[in-house]
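What follows is a short report on a single structure.
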Amino acid sequence: MQVADNTAVSIHYTLTNDDGDVIDSSIGGAALVYLQGAGNIISGLEKALHGKTAGEKLNVRIDAEDAYGEFMEERVQVIPRAMFEGIDTVEVGMQFHADVSDGPGVVTVIGVEGDDITIDGNHPLAGMALTFDVEIVDVRPATKDEMAHGHVHGEGCHH
Ligand code: ZN
């Protein structure tokens with residue numbers, strides 16, 4: 001059957017950036033299973049897979065805006081060390097959950113200079129075009145529960 005809203009889709013994928021560096025891959029592991037139309041995966045990849053069938057392969061380059069969004073300079077901020085109350089050592093690369101302008105998100109420490117801590121609230125892949133090499137392994141109708149929950153059930157399910 002074809003990939004359409006409310007189908008559970010299994011894919012194997014390899015994700016690369018424009019330099020050809022592999023960022024992520026399911027090869028050698030379990031296929032990724034997701035619910036089409038529920039925003040489980042980035043919008044550009046959902047669009048590219050729509051209407052495709054099991055066994056098809058595709059290679060698609062997705063602009064940042066349809067992947068993890070543009071890099072936003074205003075999400076990079078310098079804040080005082082005092083805001084990291086209860087944390088003994090603040091180091092570059094540490095990640096924290098925080099309330100950023102558009103809701104809860106993850107911020108990464110990208111600079112430490114005395115009491116000035118520079119944090120970045122952008123997704124690590126923000127501002128990057130992403131290329132997906134995808135093979136569609138299986139497409140099946142989603143169950144009523146899956147549609148209600150907005151995600152697939154089965155192997156690896158958390159409930
Ligand atoms: Zn569920």
Side-chain angles (χ1 to χ4, degrees), residues 3 5-6 8-50 59-135 137 142 145-159:
V3 176
D5 285 355
N6 296 320
V9 185
S10 307
I11 58 170
H12 271 298
Y13 67 94
T14 297
L15 168 60
T16 52
N17 63 18
D18 279 352
D19 293 332
D21 300 327
V22 175
I23 296 167
D24 192 15
S25 179
S26 68
I27 307 297
L32 170 73
V33 189
Y34 76 93
L35 179 63
Q36 175 80 3
N40 291 173
I41 61 171
I42 59 171
S43 63
L45 190 56
E46 267 199 344
K47 268 184 232 160
L49 288 166
H50 194 88
N59 181 278
V60 60
R61 183 179 180 277
I62 296 166
D63 287 331
E65 62 173 317
D66 291 321
Y68 291 98
E70 301 292 352
F71 185 88
M72 291 204 257
E73 209 55 62
E74 62 267 33
R75 289 191 179 168
V76 178
Q77 290 178 307
V78 179
I79 59 171
R81 185 184 288 272
M83 287 183 70
F84 293 85
E85 211 177 295
I87 299 161
D88 292 338
T89 315
V90 179
E91 288 174 325
V92 171
M94 288 174 99
Q95 292 190 314
F96 298 90
H97 287 275
D99 283 318
V100 289
S101 51
D102 48 4
V106 172
V107 299
T108 307
V109 175
I110 59 168
V112 177
E113 213 171 308
D115 282 336
D116 291 339
I117 312 294
T118 307
I119 57 165
D120 181 0
N122 287 286
H123 188 281
L125 298 179
M128 267 190 226
L130 302 175
T131 298
F132 285 87
D133 222 351
V134 180
E135 178 176 4
V137 179
D145 274 355
E146 288 173 329
M147 286 186 238
H149 290 190
H151 56 227
V152 294
H153 292 161
E155 260 184 274
C157 185
H158 49 87
H159 54 224

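Every value quoted in this text rests on a predicted model; they were computed, and no experiment measured them.
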* Intermediate values then yes/no, side-chain contact (heavy atoms from CB on, under 4.5 Å), Ile41 and Leu32 -> CA-CA 10 Å; Ile41 61 171; Leu32 170 73; 4.1 Å; yes

* Non-hydrogen atoms of Ala67 and Leu130 that approach each other most closely -> CB-CD1, 3.8 Å

* **Full working for side-chain contact (heavy atoms from CB on, under 4.5 Å) between Phe132 and Asp24** => CA-CA 10 Å; Phe132 285 87; Asp24 192 15; over 6 Å; no

* Asked: Are any non-hydrogen side-chain atoms of Leu45 and Val60 less than 4.5 angstrom apart?
  -> yes

* From Lys47 NZ over to Leu49 CG, what is the distance, rounded to the nearest 0.5 angstrom? -> 12.5 Å

* Specify the closest pair of heavy atoms between Glu70 and Ala64, including all atoms of both residues, with the distance to one decimal. => OE1-CB, 4.0 Å

* State, without any angle test, whether Asn122 and Tyr68 hold a side-chain donor-acceptor pair at a distance under 3.5 Å. => no

* For Glu113 and Val78, run side-chain contact (heavy atoms from CB on, under 4.5 Å): C-alpha distance rounded to whole Å, both residues' side-chain angles, the deciding distance at 0.1 Å, then the answer. => CA-CA 10 Å; Glu113 213 171 308; Val78 179; over 6 Å; no

* Structure fact -> Heavy-atom nearest pair, Ile27 first then His12, reads CD1-CB, 4.0 Å

* Asked: Any side-chain heavy-atom pair from Glu146 and Asn6 closer than 4.5 angstrom?
  -> no

* To do: Enter the distance from Ser25:OG to Leu15:CG here, rounded to the nearest 0.5 Å.
  => 9.0 Å

* **Donor-acceptor contact present, side-chain Asn40 to main-chain Gly150, <3.5 Å** => yes

* Between atom CE of Met72 and atom CG of Asp120, what is the distance when rounded to the nearest 0.5 Å? -> 11.0 Å

* To do: Work out which heavy atom in Ala129 is nearest to a heavy atom in Arg61; give both atom names and the distance.
  => CB-NH2, 3.3 Å

* Asked: Can you tell me if Ser10 uses its side chain to pair, donor with acceptor, with the backbone of Val33 under 3.5 Å?
  -> no

* Going by heavy atoms in the side chains, are Asp116 and Thr118 under 4.5 Å from each other? -> no

* **Sub-4.5 Å side-chain heavy-atom contact between Ile42 and Asp66** => no

* Asked: Taking the side chain from Asn17 and the backbone from Asp19, do they hold a donor-acceptor pair closer than 3.5 Å?
  -> yes

* 4.5 Å side-chain heavy-atom contact, Ile119 and Phe96 -> no

* To do: Output the distance between atom CD (Glu135) and atom OH (Tyr13), rounded to the nearest 0.5 Å.
  => 14.5 Å

* Asked: Distance from Ile79 atom CD1 to Asp115 atom CG, nearest 0.5 Å?
  -> 11.5 Å

* Structure fact -> Note: Gln36 and Glu46 closest approach over all heavy atoms is NE2-O, 3.0 Å

* Would you name the heavy atoms of Val152 and Leu35 that are closest together and state the gap between them? => CG1-N, 3.7 Å

* Could you tell me how the ring of His153 sits relative to the ring of His151: parallel (under 30°), tilted (30 to 60°) or perpendicular (over 60°)? => tilted

* Pairwise side-chain contact, Thr131 with Asn59, heavy-atom cut-off 4.5 Å (strictly under) -> yes

* Structure fact -> d(Ile117 CD1, Glu91 CD) to nearest 0.5 Å is 10.5 Å

* Derivation and outcome, side-chain contact (heavy atoms from CB on, under 4.5 Å), residues Val109 and Val90 -> CA-CA 8 Å; Val109 175; Val90 179; 4.1 Å; yes

* Asked: Within the side chain of His123, is there an N or O that forms a donor-acceptor pair under 3.5 Å with the backbone of Leu125?
  -> yes

